[in-house]
Student: 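Quick one: the structure is below, questions incoming.
Values below: every heavy atom of this structure, side chains too, minus hydrogens, waters and symmetry copies.
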Amino acid sequence: MLAVQLRSGLAETYHEGAAAVVDETGVVSRTGDIDQPFFLRSSAKPFQALVSQEAGAGLTPLELAMACASHRGHPVHVALVASILEQAGLGDDALRCPPDWPLSPAAMRLVARGGATEPRRIWHNCSGKHAGFLRACVAQGWPVETYLDPGHPLQRRVMATVGELGEFDVEPVGVDGCGAPVLRTTVRAMATMFSRLASDPRLSEVLTAMHRYPALIGVNGSADTEIAIAANAAAKGGAVGCIGVAWAGRLGIAVKSWDGNGTVAGQSAALILDRMGGLTETARERLGPVLDPEVLGGGVPQGRLEPRLQMETG
C-alpha cells in the first residue's frame, strides 16, 4: 500500500497511490494498482526530447535539458528557449503552446517591472519542449504550423517511441495543458520507461543533460530537481501527482498519487529510492524537506506528511 497520512493536532487524512520499481529484469517491487491508466503529463518530456533529438534537433546539453524542463520563466530559461528557436530560423511566434506568465514569482516581478502587459508563449513552462519539437521539424522539413497535431510525423514518432519504451499503448491520446498530445501510461509502463532512461545507451544523452542541469528541469526545492542534485539520478514530475526517477545504471521508479498530490508523489519516490539504496546520508540530508515535508497553515507548520509505504516484491 502507498498511503501518506497527514497528521496534525486537529485531523488525519490519507492520500493513496501506486508505485513500481523496474530494472532490466522487469518489476522488482510494487504497491497499489500499477496497471491503472492515467496521463503521463510532463513526465513524458525526457522521452519527447529524445524524439526531437533523434529527428535531428541537434540540441546542446543545456538545450536538451530545457526540452525536458517544466521551467519557471526566469531570464536564463527564456534566453535558452529563444536560442533554440533562433538557430532554427524561428521566433517565439512559431510556438503553439498558449501564452502564459512565468511561474516563478521572482520572474513575474521582473517582467512586470519591464512593462509586460500580456502573457507570452515563450514564458509557458513547456516552451522548451515545444522549441525542441520545432527544431526537429525544421531539420526534417516537416510542417511547423501543425507540429502539435496528433497525426503530425513528429507526434507519431513520439507516440511510437513512448509506447515502445514503456511497452504500453499510449493511444488514444488527449490534449495536454500546453496543447501537445498527452499520452496514456500506467505506473508499470512509466517505471519501465524510466528504467530505460537509467540504463539504455539510446537515452544516455538525455539522462546526462537532466542530471547535469537539474535546476533547469524544475526548480530548487521541487522533488525532481532535488533528487537529481542529491543522487546519481534524473527525475521528472508531471501534473496531477506523478513522478519518474531514473537511478543511473540501475533502475527506474514511478509513483502516482491518485488524488493528484505532487508533494505525496515526490516524497514517496524519494523514500523508495532511499530504500533501494540510492541515497547516501548526505543525500538524505539534502532531501530532508522532500522526505519529511511540513504542512503549513497560515504560514505556520500545522502537521506533517507521514508515509505508510509497503512495497511487495515483483
Student: For a 4.5 angstrom cut-off between non-hydrogen side-chain atoms, does L273 reach W247?
Tutor: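 L273 reaches W247 side chain to side chain.
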Student: Would you sort out whether K45 and C126 count as a side-chain contact (heavy atoms from CB on, under 4.5 Å), showing the intermediate values?
Tutor: CA-CA 9 Å; K45 285 177 177 174; C126 297; 3.2 Å; yes
Student: With hydrophobic residues grouped by side-chain heavy-atom distances under 4.5 Å, do V81 and L90 end up in a single group?
Tutor: yes
Student: Step by step, work out the side-chain contact (heavy atoms from CB on, under 4.5 Å) result for Q36 and W258.
Tutor: CA-CA 10 Å; Q36 171 66 37; W258 294 124; 3.6 Å; yes
Student: Has Q267 got a side-chain atom pairing as donor or acceptor with L291's backbone, closer than 3.5 angstrom?
Tutor: yes
Student: Calculate, to the nearest 0.5 Å, the distance between atoms CG and CZ belonging to D176 and F39 respectively.
Tutor: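 Atom-to-atom, D176:CG and F39:CZ are 8.5 Å apart.
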Student: Got a sec: does the CD of E54 have more than 12 other heavy atoms crowding it under 6.0 Å?
Tutor: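 Yes, CD of E54 has more than 12 neighbouring heavy atoms, counting only those of other groups under 6.0 Å.
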Student: For R156, is there an ion pair with E171 - N to carboxylate O distance below 4.0 angstrom?
Tutor: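 A salt bridge is present here (some side-chain N lies under 4.0 Å from a carboxylate O).
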Student: Kindly work out whether a path of hydrophobic side-chain contacts (I/L/V/M/F/W/Y, heavy atoms less than 4.5 Å apart) joins V245 to V240.
Tutor: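 Result: no, two separate clusters.
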Student: With a 3.5 Å distance limit and no angle check, can you tell me whether S43 reaches the backbone of G238 through a side-chain donor-acceptor pair?
Tutor: yes
Student: Residues two or more places apart in sequence or in another chain: which of them pass ring pair (Phe, Tyr, Trp, His ring centres under 6.0 Å) with Y213?
Tutor: none
Student: Could you pull out the closest heavy-atom pair between G177 and R41, with the gap in Å?
Tutor: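 Smallest interatomic distance, heavy atoms only, reads N-NH2, 4.1 Å.
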Student: Sub-3.5 Å donor-acceptor pair from the side chain of T208 to the main-chain atoms of S204, do we have one?
Tutor: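 Yes, because the side chain of T208 sits within donor-acceptor range (under 3.5 Å) of the backbone of S204.
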Student: Is V138 close to L134 at the side-chain level, that is, under 4.5 Å between some pair of heavy atoms?
Tutor: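 Side-chain contact under 4.5 Å: no.
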Student: Which heavy atom in R135 sits nearest to a heavy atom in S83, and how many Å separate them?
Tutor: NH1-O, 4.4 Å
Student: For the residue pair I229 and N220, establish whether any side-chain heavy-atom pair is separated by less than 4.5 Å.
Tutor: yes
Student: Should the pair D274-R284 be classified as a salt bridge under the 4.0 Å nitrogen-to-oxygen rule?
Tutor: yes
Student: Verify side-chain hydrogen bond (donor to acceptor under 3.5 Å, both in side chains) between S42 and K236, making sure each step is shown before the conclusion.
Tutor: CA-CA 7 Å; S42 283; K236 186 69 192 78; 4.7 Å; no
Student: Identify the heavy atoms of A107 and P102 that sit nearest to each other, and give their distance.
Tutor: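 So the two residues come closest at CB-CB, 3.7 Å.
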Student: Does any part of the side chain of F168, heavy atoms only, come nearer than 4.5 Å to the side chain of M193, both counted from C-beta?
Tutor: no
Student: Between H211 and A233 (side chain of the first, backbone of the second, donor and acceptor by atom type, cut-off under 3.5 Å), is there such a pair?
Tutor: yes
Student: Determine, for E306 against R308, whether the closest basic-nitrogen to carboxylate-oxygen distance falls under 4.0 angstrom.
Tutor: yes
Student: Which is it for F133 and W142 under the side-chain contact (heavy atoms from CB on, under 4.5 Å) test, yes or no, and what are the steps along the way?
Tutor: CA-CA 10 Å; F133 282 164; W142 292 331; over 6 Å; no
Student: State, yes or no, whether a side-chain contact exists between D93 and R121 at a heavy-atom distance under 4.5 Å.
Tutor: no
Student: Is the closest side-chain heavy-atom distance between T186 and I34 below 4.5 Å?
Tutor: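 Heavy-atom side-chain distance check fails, nothing below 4.5 Å.
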Student: Check whether any side-chain heavy atom of L95 lies under 4.5 Å from a side-chain heavy atom of L85, and answer yes or no.
Tutor: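 Side chain of L95 against side chain of L85, heavy atoms only: contact under 4.5 Å found.
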Student: Can we say R250 and D23 salt-bridge, meaning some charged N sits less than 4.0 Å from an Asp/Glu carboxylate O?
Tutor: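 No salt bridge links R250 with D23.
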Student: With a 3.5 Å distance limit and no angle check, can you tell me whether D224 reaches the backbone of G237 through a side-chain donor-acceptor pair?
Tutor: yes
Student: For residues V78 and M108: do they belong to one hydrophobic cluster (side chain heavy atoms under 4.5 Å, members Ile, Leu, Val, Met, Phe, Trp, Tyr)?
Tutor: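 Result: yes, single cluster for both.
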Student: Run the numbers on L197 and M210 for side-chain contact (heavy atoms from CB on, under 4.5 Å), then give the verdict.
Tutor: CA-CA 10 Å; L197 178 59; M210 293 178 68; 4.2 Å; yes
Student: From the options R157, R202, R196, select the one residue that forms a salt bridge (Lys or Arg N to Asp or Glu O under 4.0 Å) with E164.
Tutor: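 Single pass found, and it is R202.
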Student: Between L309 and I253, is there shared hydrophobic-cluster membership here, with clusters defined by ILVMFWY side-chain heavy atoms closer than 4.5 Å?
Tutor: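 Yes.
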Student: Mind checking the SG-NZ spacing from C242 to K256? Nearest 0.5 Å is all I need.
Tutor: 5.5 Å
Student: Could you see if L62 belongs to whatever hydrophobic cluster contains L207? Use Ile, Leu, Val, Met, Phe, Trp, Tyr and a side-chain cutoff under 4.5 Å.
Tutor: yes
Student: Considering only distance and modelled atom types, tabulate donor-acceptor pairs under 3.5 Å from the side chains of residues 109-117, sequence neighbours left out.
Tutor:
none

Student: Could you report the tightest heavy-atom contact between T146 and H152, atom names first, then the distance?
Tutor: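 It is O-CD2, 3.2 Å.
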Student: S29 and side chain to side chain contact (heavy atoms under 4.5 Å, CB included): which single residue from I272, L251, V22, V21 fits?
Tutor: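 For S29, the side chain to side chain contact (heavy atoms under 4.5 Å, CB included) check succeeds only for V21.
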Student: Report yes or no: does Y147 contribute a side-chain atom to a donor-acceptor pair with the main-chain N or O of R96 at less than 3.5 Å?
Tutor: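 Looks like yes, one N/O pair under 3.5 Å.
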Student: Looking only at non-hydrogen atoms, find the nearest pair between T185 and A189 and report the distance.
Tutor: OG1-CB, 3.6 Å
Student: Looking only at non-hydrogen atoms, find the nearest pair between A55 and A136 and report the distance.
Tutor: CB-CB, 3.8 Å
Student: May I have all residue pairs that pass ring pair (Phe, Tyr, Trp, His ring centres under 6.0 Å) and include part of residues 73-110, sequence neighbours excluded?
Tutor: H71-H77, H74-H77, W101-W123
Student: So, do P99 and R120 sit near enough that their side-chain heavy atoms are less than 4.5 Å apart?
Tutor: no
Student: Taking V219's backbone N and O only, do any of them form a donor-acceptor pair with S222's side chain (distance below 3.5 Å, no angle check)?
Tutor: yes
Student: Say you draw a straight line from CD of E63 to CD1 of I84; how long is it, rounded to the nearest 0.5 Å?
Tutor: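 Atom-to-atom, E63:CD and I84:CD1 are 5.0 Å apart.
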